[in-house]
Structures are given as structure tokens and as C-alpha cells.
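Heads up: numbering here begins at 1 and tracks the sequence.
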Amino acid sequence: MTRTALIVAGGKGLRMGSDLPKQFLPIGGKPVLMHTIEAFYRFDEEMKIVLVLPQEQQTYWRELCQKYHFSIGHVLADGGETRFHSVKNGLAYVEPGLVGVHDGVRPFVSRQVIERCYQLAETKKAVIPVVDVVETIRHLTDTGSETVSRSDYKLVQTPQVFDVELLKRAYAQEYTSFFTDDASVVEAMGESVYLAEGNRENIKITTPFDLKISSVLVNV
């Protein structure tokens with residue numbers, strides 16, 4: 001079965017307080033995005049990789065690939081107005097089989113999680129990695145707030161892996177602001193999503209604090 005990684009990287013670095021988009025910030029001697037692509041290449045060298053980037057960032061990315069002698073093959077697709085539109089653009093380059101949609105700024109996804117999600121998706125059709133909530137959670141109400149059971153909640157990660165035809169049908173729907181990830185798009189079509197175990201290190205790098213953590217994780 002054909003496996004594709006659709007990597008979405010449209011960040012502008014605003015929360016990072018940087019003029020350089022966060023996917024291009026260096027960790028461990030090279031840009032974050034290269035670490036992310038390498039994670040999927042290490043899992044399966046035959047996997048097709050589709051990278052979705054805003055048009056205005058693509059020339060810079062090509063320059064980075066030359067600078068760092070980055071030679072892992074990938075197809076570039078244009079980013080859209082929102083993550084939804086970016087994924088939809090990327091899906092135009094995806095062949096039938098399985099596709100894992102992954103955040104470009106999650107470079108520390110483990111091989112085990114990638115393998116688990118793709119294997120489960122062969123039968124489950126829609127699989128997302130999650131981890132337990134370890135903090136106490138409070139729910140905001142009209143009168144204040146209240147504690148809720150953290151065992152009733154999970155933190156969602158990527159890659160979110162789907163049967164390609166299923167995901168393409170889901171992305172044929174009209175966009176709404178409720179679509180915050182691929183699972184929410186699929187569920188809006190009435191489909192169920194299967195939860196798989198993620199890895200705690202699979203953080204999304206969005207703040208300077210995340211970058212500090214990354215400088216440690218990249219050497220682990």
C-alpha cells in the first residue's frame with residue numbers, strides 16, 4: 001500500500017518572536033523542517049513526501065536545501081489561507097493508499113508512533129496519536145470555572161493517518177473554523193477516528209520555550 005507523508009509548514013514565527021518562520025529555525029545544526037522530513041524518511045525511504053509551504057517561502061527553502069546539502073526527495077505544494085486549505089492543496093499530489101498529515105514543526109515524532117499510526121490505518125482508516133493529560137484541567141463556565149476529570153481528555157498530536165480517498169472526501173467539504181485538525185474534518189463527515197498512543201517528546205515547536213526544549217531533545 002502506498003504511503004505518503006503530507007507535511008504542512010505554514011508558520012510565520014509570530015509567537016516565536018522571530019522574523020524567521022519557525023520551521024526554518026535551526027536546531028541541532030539544521031532547520032527544524034529538515035529534522036521533521038528525516039523522521040519519515042528514516043521510517044520508510046520509499047515513502048512519498050509532500051511538503052506544503054507558502055509560495056513566498058519556497059525559494060528560501062530551496063536555498064536552505066542547497067546550503068545544508070539536503071537531498072531527501074519531496075514534492076512542494078502551495079500553502080493556503082488556513083491549515084485546512086493547505087492540506088487540501090497538498091492532497092492534490094497524494095496517490096491512493098495511506099496519507100499521514102504532519103505538522104512541520106513536530107520534528108521529534110518517534111519511529112514507533114509513525115509505524116503504529118500507518119499500520120493501524122490500514123484497517124481503521126482514520127488514526128490519530130494522542131497522549132495523556134498530566135495537568136489538572138479546569139472548564140470555564142458562565143459563573144467561573146470548575147475542575148473536570150483529566151482522564152476524560154487526551155492531547156492530540158500528528159501524524160494523523162487516513163485512507164487517502166476518505167480524507168479527500170472529507171476535504172471536499174466547505175471550510176468552517178471548527179476544523180482545527182484533520183480528525184475534526186473527517187468527523188464532520190460522520191466518520192469515526194481511532195486513537196493511538198503518541199510520544200510525549202512529539203512537541204509542536206511554537207514558542208521560545210519549545211525551542212529550548214528542542215535543543216535538549218535533538219541530542220537525545
Side-chain angles (χ1 to χ4, degrees), residues 2-95 98-111 113-114 157-161 164 167-168 171 180-182 201-215 217-219:
T2 301
R3 294 187 291 206
T4 302
L6 199 169
I7 298 174
V8 185
K12 294 181 170 62
L14 298 179
R15 279 179 286 181
M16 192 67 72
S18 169
D19 292 332
L20 188 65
K22 54 197 175 186
Q23 57 266 21
F24 301 144
L25 292 172
I27 57 171
K30 56 191 167 188
V32 168
L33 189 51
M34 292 183 183
H35 290 279
T36 304
I37 292 174
E38 286 173 347
F40 286 86
Y41 182 76
R42 285 194 298 268
F43 165 64
D44 181 0
E45 294 183 1
E46 301 300 318
M47 177 176 284
K48 181 177 180 180
I49 297 173
V50 177
L51 174 60
V52 186
L53 277 177
Q55 279 187 320
E56 63 271 20
Q57 296 179 9
Q58 292 181 12
T59 297
Y60 182 64
W61 168 247
R62 293 188 180 97
E63 292 172 354
L64 285 175
C65 288
Q66 290 183 343
K67 177 181 178 180
Y68 290 90
H69 306 289
F70 188 75
S71 59
I72 295 176
H74 58 279
V75 175
L76 274 179
D78 294 340
E81 180 181 354
T82 67
R83 186 184 189 280
F84 175 91
H85 297 97
S86 292
V87 173
K88 188 171 184 176
N89 289 351
L91 283 172
Y93 297 88
V94 177
E95 301 170 358
L98 297 176
V99 58
V101 184
H102 190 68
D103 298 322
V105 289
R106 288 188 188 268
F108 302 116
V109 59
S110 71
R111 177 189 177 93
V113 168
I114 297 173
Q157 301 180 331
T158 63
Q160 300 188 4
V161 185
V164 170
L167 194 61
K168 286 186 175 183
Y171 272 89
T180 56
D181 68 351
D182 311 288
E201 301 83 3
N202 187 16
I203 63 171
K204 187 175 182 180
I205 302 174
T206 57
T207 68
F209 180 72
D210 299 329
L211 202 58
K212 291 181 180 179
I213 296 175
S214 299
S215 66
L217 292 175
V218 75
N219 294 313

Check your understanding: For Val218 and Lys30, what are the C-alpha separation, side-chain angles and deciding distance, and is it a side chain to side chain contact (heavy atoms under 4.5 Å, CB included)?
Key -> CA-CA 11 Å; Val218 75; Lys30 56 191 167 188; over 6 Å; no

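Rounded to the nearest 0.5 Å, atoms CD1 (Ile213) and CD1 (Ile205) are 9.5 Å apart. From Trp61, atom CH2 reaches atom CG of Leu33 across 4.0 Å, with rounding to the nearest 0.5 Å. Taking CD from Gln23 and OG1 from Thr36, the interatomic distance works out to 9.5 Å, rounded to the nearest 0.5 Å. In this structure, OG1 in Thr158 is found 11.0 Å from CG in Leu6, a value given to the nearest 0.5 Å. Here the straight-line distance linking atom CD of Gln157 with atom CD of Glu201 works out to 9.0 Å at 0.5 Å rounding. Leu51 contributes atom CG, which lies 8.5 Å from atom SG of Cys65 (distance to the nearest 0.5 angstrom).
Residues passing the side-chain hydrogen bond (donor to acceptor under 3.5 Å, both in side chains) test with His35: none are found, sequence neighbours excluded. With sequence neighbours left out, Thr82 forms a side-chain hydrogen bond (donor to acceptor under 3.5 Å, both in side chains) with His85. Residues meeting the ring pair (Phe, Tyr, Trp, His ring centres under 6.0 Å) test with Phe84, sequence neighbours left out: Tyr171, Tyr175, Phe179. Annotation: salt bridge (charged side-chain N to carboxylate O under 4.0 Å, His left out) contacts of Arg83 (sequence neighbours excluded): Asp103, Asp182. Listed by chain and residue number, Asp78 satisfy the side-chain hydrogen bond (donor to acceptor under 3.5 Å, both in side chains) test with Gln55 (two or more places apart in sequence, or in another chain).
The two residues Pro21 and Gln57 come nearest to each other via the heavy atoms CG-NE2, 3.6 Å. Contact record, Ala77 with Gly90: CB-CA, 4.0 Å, taken as the closest heavy-atom pair. Taking every heavy atom of both residues into account, Pro107 and Ala39 meet most closely at O-CB, 4.4 Å. For Pro54 against Ala9, the heavy-atom pair with the smallest separation is CD-O, 3.4 Å. Among all heavy-atom pairs drawn from Gly73 and Ile49, the shortest one is O-CB, 4.0 Å. The minimum heavy-atom distance between Val109 and Pro159, with the atom names listed, is CG2-CD, 3.7 Å.
Within the 4.5 Å cutoff, the side chain of Leu64 has no heavy atoms near those of the Phe70 side chain. Here the side chains of Val101 and Leu167 are in contact, with some heavy-atom distance below 4.5 Å. Under the 4.5 Å side-chain criterion, counting only non-hydrogen atoms from C-beta, Thr4 is not in contact with Val164. Val50 places none of its side-chain heavy atoms less than 4.5 Å from the side chain of Val99. At least one side-chain heavy atom of Phe108 sits under 4.5 Å from a side-chain heavy atom of Ile27. Contact check for Phe24 versus Leu53: side-chain heavy atoms found under the 4.5 Å cut-off. No side-chain heavy atom of Lys22 sits less than 4.5 Å from a side-chain heavy atom of Val32. In this structure the side chain of Tyr60 reaches within 4.5 angstrom of the side chain of Leu20, judged on heavy atoms.
With hydrogens and angles disregarded, no donor-acceptor distance shorter than 3.5 Å links the side chain of Arg42 to the backbone of Arg111. The backbone N or O of Ile72 lies less than 3.5 Å from a partner atom in the side chain of His74, making a donor-acceptor pair.
Remark: the Thr207 side chain and the Asp210 side chain contain an N/O donor-acceptor pair separated by less than 3.5 Å.
Applying the salt bridge (charged side-chain N to carboxylate O under 4.0 Å, His left out) definition to pairs two or more places apart or across chains, those involving residues 44-55 are Arg3-Asp44.
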